[in-house]
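Notes to accompany the following structure.
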Amino acid sequence: MQHIISVKQLEDKKLLQELFDFATKLKKLSPVEYPKPLQDKIIATLFFEPSTRTRLSFETATQRLGGKIISTENASISSSNYKGETLEDTIRVINSYADGIVMRHPETGSAARAAAVSKIPIINAGDGGAGEHPTQGLLDVYTIYESKGTFDGLKVGMVGDLLNGRTMHSTLQLLSMYDVEFYFFSPKSLSLPKSYLQILKKQGRKFTELYGWDDALKHIDALYMTRVQKERFKKAKDYLAVKDDFILTKSLTRQLKKDAIILHPLPRINEIPPEIDADPRALYFEQARNGLFARMSLLNHLYS
Ligand code: NCD
């Protein structure tokens, strides 16, 4: 049994292809036809931070594959964490109830701490701002693959809070395995941490950092928008200073290629106005739907 703490565990082209193929197969089936690898298994969802898509899609995925869910409503106030219990003790206890734990926690490195004391798989559903969100990375690259059929030769634009956006940190690492060229659009104070630029350099990938919208938009095949992560700012004024810097207006979308795709891990705030939703290139709700199938595919891989 394997933990999924980082996308590093998914950095295997053959494994990714298998996960994509299985997700695509599941998308074509009706729920009565789904395999049941989680029959008699219980998955615990332990979320110390808010979540809509990640938690509900994991809970749906588990039940669609024949498993059952136990959950705390909001682990930071309704688990014993509130009374001062350590994360490690909480994980040890859940080990005697469940067969796997999907967890989200505000501290970077918390999923690795949990895995260190867990005999059942820990799946990281987001650890802090500087951390990772490997299953979001998986569903993001799956959505790009589903739409484009390949990664090689693509130009990917990543926009917004590149400092604190854990989803794009995971997505970027998976994409860096392929011949992808990156364009990073962000306020200077929210630029991509150097450690991720190092990964791209090591892999020999081309990248350009831009601090404003640029006519580079016309080259982009996949535009990955992110929200400015308000909760990661210490001072409100620092958030207010950058929150509106990268809004994808209708006129900006006219610069994008006809077959470009627009992605967003959601939730969006104001960076994609609702009027863009009708644009056939706007795939973010399909991307969220793919979260279910990508997570079913991963759970099937872990528990078959
Ligand atoms: C993201 C997260 O929690 O990191 N949400 C998600 O899982 N789709 C993105 C965000 O909160 O901005």
Side-chain angles (χ1 to χ4, degrees), residues 4-7 10 23 45-62 71 74-76 101-111 122-144 157-175 184-187 190 192-193 196 222-233 239 242-248 261-273 277 282-296 298-299:
I4 303 289
I5 304 305
S6 161
V7 270
L10 302 175
T45 51
L46 187 63
F47 278 61
F48 295 88
E49 276 191 339
S51 171
T52 302
R53 281 150 288 275
T54 307
R55 177 168 160 191
L56 294 183
S57 65
F58 259 117
E59 294 187 352
T60 307
T62 299
S71 188
N74 170 349
S76 56
I101 300 173
V102 177
M103 68 168 270
R104 170 173 288 184
H105 196 282
E107 279 167 39
T108 303
S110 50
I122 299 287
I123 301 178
N124 181 6
D127 64 326
E132 283 205 44
H133 193 344
T135 63
Q136 180 75 39
L138 175 66
L139 77 93
D140 291 342
V141 294
Y142 173 58
T143 305
I144 297 174
M158 297 188 137
V159 186
D161 190 344
L162 307 185
L163 176 64
N164 301 304
R166 58 192 173 197
T167 68
M168 58 83 50
H169 294 160
S170 287
T171 303
L172 159 92
Q173 289 184 73
L174 288 178
L175 287 175
F184 299 115
F185 302 81
S186 74
L190 300 180
L192 190 66
Y196 292 105
L223 191 70
Y224 191 96
M225 298 289 298
T226 64
R227 79 181 165 95
V228 178
Q229 307 266 312
K230 185 178 181 183
E231 67 276 28
R232 312 283 177 213
F233 286 75
Y239 167 71
V242 291
K243 74 179 188 50
D244 298 329
D245 280 8
F246 285 90
I247 293 174
L248 186 68
I261 58 174
I262 304 169
L263 303 173
H264 193 304
L266 304 176
R268 67 169 154 189
I269 310 303
N270 61 347
E271 59 281 356
I272 303 184
D277 299 358
L283 292 194
Y284 28 91
F285 289 112
E286 184 60 19
Q287 181 186 355
R289 180 168 174 261
N290 278 344
L292 172 63
F293 299 104
R295 290 180 173 119
M296 284 174 77
L298 182 67
L299 287 171

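Start at 1 and go down the list; that is how both ligands and their atoms are numbered. Bear in mind that the values here come from a model prediction, so they are computed numbers and not experimental data.
- For ligand 1, the 4.0 Å heavy-atom shell contains residues T54, R104, H133, Q136, R166, T167, R227, Q229, P265, L266, P267.
- Here the side chains of L283 and I262 are not in contact, with every heavy-atom distance at 4.5 Å or above.
- Sorted by first and then second residue, the salt bridge (charged side-chain N to carboxylate O under 4.0 Å, His left out) pairs involving residues 157-173 (not counting sequence neighbours) are E49-R166.
- Atom CG of D127 is separated from atom CD1 of I122 by 12.0 Å, given to the nearest 0.5 angstrom.
- The side-chain hydrogen bond (donor to acceptor under 3.5 Å, both in side chains) test applied to R53 returns no partner, not counting sequence neighbours.
- For D244, the salt bridge (Lys or Arg N to Asp or Glu O under 4.0 Å) test picks out no residue, with sequence neighbours left out.
- At least one side-chain heavy atom of V141 sits less than 4.5 Å from a side-chain heavy atom of L174.
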